Amino acid sequence: MSQHRSTDNLSNSSGAETKQRPSKRSKLKKRRRNDEDTTAFSEKHWGVCSHNRLSAAYDYNYNVRQGNQRFVCVRTRNSNLVLRRQTRLHLMNDRLDPALSVYKQVFDEFYAWEQADTRTYIQYLAANAESDDGEEWDDDFFKFDDHLPSVMDEGDDNDDCGFLVQSFDPDGSIRDRRKVPCVEIQARIPLEFQHPLKYEMCTPDSKNAGQSTSFNSDEVLSFIPYADDEAFPLEEFLNPENLKPFRNFAWQTEDFKDPDVDVIELEVARRLHYGDLGLPLSTIDTLGILHDKVGVPGPSGLLWEASQRDIPFWPGSALTNLPTLSLENLPEKDDIYHDINISSARFCSHINCLVMNCKVHSHSNLSYIDEVLPLDVSKPILTKAGFKLKDGEPCSELCFRSFDETQDGIMEGVHWHDPDDVNFLESVLKVDADMSPCALAVICRKPCLEYPRTGKKVFIYRTRMFPDEKILKGQIIEERRRQPAALVLRQAGNAIQTWAKHRNKCQNVRIQRNQIQNIKVQPTKPAKYGLGAFATRELRAWTYIGEYVGEMRNLSSEESSQRSNILNKYTGLNYNFELNLSLTLDAARRGNETRYLNHSDKPNCEVLVKNVNDEHRIGIFTCENVNKGEELFLDYGPRYWQQYGNSAPELGEENRQDEEHGEDVSGEDDLEYI
Ligand SMILES: C[S@@+](CC[C@H](N)C(=O)[O-])C[C@H]1O[C@@H](n2cnc3c(N)ncnc32)[C@H](O)[C@@H]1O
């Protein structure tokens, strides 16, 4: 296997002029005049720069300030990632330098390990492959040059082997241009190995998804599909007629965050905290050398991000035998308002959808979905008297409703001494400024008015925060903007319960439950067009098979359909299913077993498009009795064959006859769909 394609800047490959963020040129020029030393951006991975040397990176960060500050730049050789943090020299010089050394050490360790690890894996793969006759391969057969130069001479004529890697200054000029050789491995393919269908692969999914970011942006390309196949029409894919070419790879964009950064910085934080320096997490944050805060509680920051993904185990993270840093290292912080906004953003904003992180309604082309706005800060409308009248009689002498302002008490105890208590009360009042003091007392675990001399009375605190004069001056509650879905859903709780009670009677429930039944995927016989779906038992007419799911694409999006058609033509497989006038479901990259139903003009299955909770979804049903082992077919319709440039269908009655009596599909040769 050898790599032939060059991965230089995409706009170069498309012939367009290369340019990156040409703004702030004049400032940069001025700075460059002073900038004698450019070694900070040399081939080394690491550089610590004074602010003069920051010029080349300046354009990446608009918050850069000068003066009594210094900037730290970390640049990886493999991407354009530039991290830098500003720090006040006079405040933390004594801690900054040792902390930076730790960062440098971890950084170097990580990349040394990563390269060695990748190399070992490649060797391992080759070494474990067997030759045709079952013998271990000759060592000579596997060519792997351990002593390849890390950078090839640019004048080297051997264009076929290697990548051209360019990095750019912010004004678009080329800063660095070099060839990096590729590693060539020869591997034999065992004779019995059957080449899979052309790059047949599909991510299993049980529900529709908004289109992945793979090809849906005219700006950015996540990866080059079929990059190792010269037969793939790459130029056409990158620059389809009448469409804009991609500008960049996803990892060349400014907001791309290299996933290695979290891994490195987690280890840096661990060593800074538990190592010799013993820095508290909050101090690490003030040093400003990490990309993300490490000491912030709540669902954000480095530790939280790390808890949401698998962090690879690498030797550096086990070297020092220090305890592991985790979310448990963080102080708890109660902020109800913040928590609601964070979790609401994860709820689908579609009122009928109860799915967290829903992929369907986040589809940007669905115009009926609004952006999820943060909860409005609640405005008070109740005066002190309004409170007292609101919920009936005083419960006791010490009830806030008995409270008389003319007597003692009002002036005392308004100040709470614990700032956490105050913050928490305030965050609750941001959600509901007119919450009854009884409820506040329960939530905040403070008395509403009882124990007058303890000074922790939520009623008094609230009325101090929002004095009557403010409310009487006409602080009228504004019409709420859109509420976060979580709240709307709670309010809609009754409706949901009613729905739940009747759900067994609902016609759409089988689609909602999303079960795939009674089919098995295996090669068709004769194997004319790849895989097909076969009945695993006898099925009566109108048995539900499953829901056809895939990525939703807007039919009017010329961009993505044109690119998608190029891929379909190349693979010879087309998984588009038109859902309605505006959307198509494409199961090419994600889907379930139903994507394998082939076409026949005498089909034994039919589709019913159902409106399920305000969405069109495709249910597949048998339309006649089907024998066990019989292949299941749909009629794709004439538009399918005309529209997507497919060749004419090959299958008609003929193949159905072959399967008429069915056969056992439980044999060992069956392909399981995973
Ligand atoms: C939805 S896929 C069906 C599953 C496909 N056989 C597989 O292995 O993934 C549709 C593709 O299958 C092939 N196909 C299905 N029915 C066919 C037929 N009757 N004649 C020719 N090709 C067919 C075509 O390549 C078509 O683009």
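Every number for a ligand or one of its atoms is a count from 1 in the order of the listing. Computed from a prediction, not measured in an experiment: that's the story for all the values here. Sequential numbering from 1 along the given sequence is applied to the chain's residues.
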Applying the side-chain contact (heavy atoms from CB on, under 4.5 Å) criterion to Arg589, which one of Thr203, Asp205, Leu567 satisfies it? Leu567

Give the atom numbers and elements of ligand 1 that come within less than 4.0 Å of a heavy atom of [X].
X	answer
Trp641	17 (C), 18 (C), 22 (N), 23 (C)
Asn598	3 (C), 4 (C), 5 (C), 6 (N), 12 (O), 14 (N), 15 (C), 16 (N)
Leu531	4 (C), 5 (C), 6 (N), 7 (C), 8 (O)
Tyr640	10 (C), 11 (C), 26 (C), 27 (O)
Arg595	1 (C), 2 (S), 3 (C), 4 (C)
Tyr575	1 (C), 2 (S), 7 (C), 9 (O)
Gly572	24 (C), 25 (O), 27 (O)
Gly530	8 (O)

Can an N or O of His599 be found at a distance shorter than 3.5 Å from an N or O of ligand 1? yes

Would you tell me which option among Val521, Thr524, Asn574 has the nearest heavy-atom contact to atom 27 (O) of ligand 1? Asn574

Using every non-hydrogen atom in the two residues, find where Asn604 and Glu631 come nearest and quote the distance to one decimal. ND2-O, 2.9 Å

Hey, is Tyr636 one of the residues with a heavy atom under 4.0 angstrom from ligand 1? yes

Okay, side chain of [X], backbone of [Y]: is any donor-acceptor separation there less than 3.5 Å?
X	Y	result
Thr622	Arg540	yes
Tyr636	Arg639	no
Asn518	Glu538	no

Residue set satisfying side chain to side chain donor-acceptor pair (under 3.5 Å) with Ser582, at least two apart, ordered chain then number -> Asn580

Hey, does Glu551 have a side-chain heavy atom less than 4.5 Å from the side chain of Leu585? no

Quick one: side chain to side chain contact (heavy atoms under 4.5 Å, CB included) partners of Arg309, sequence neighbours excluded? Pro259, Asp262, Val263, Ile311, Pro312

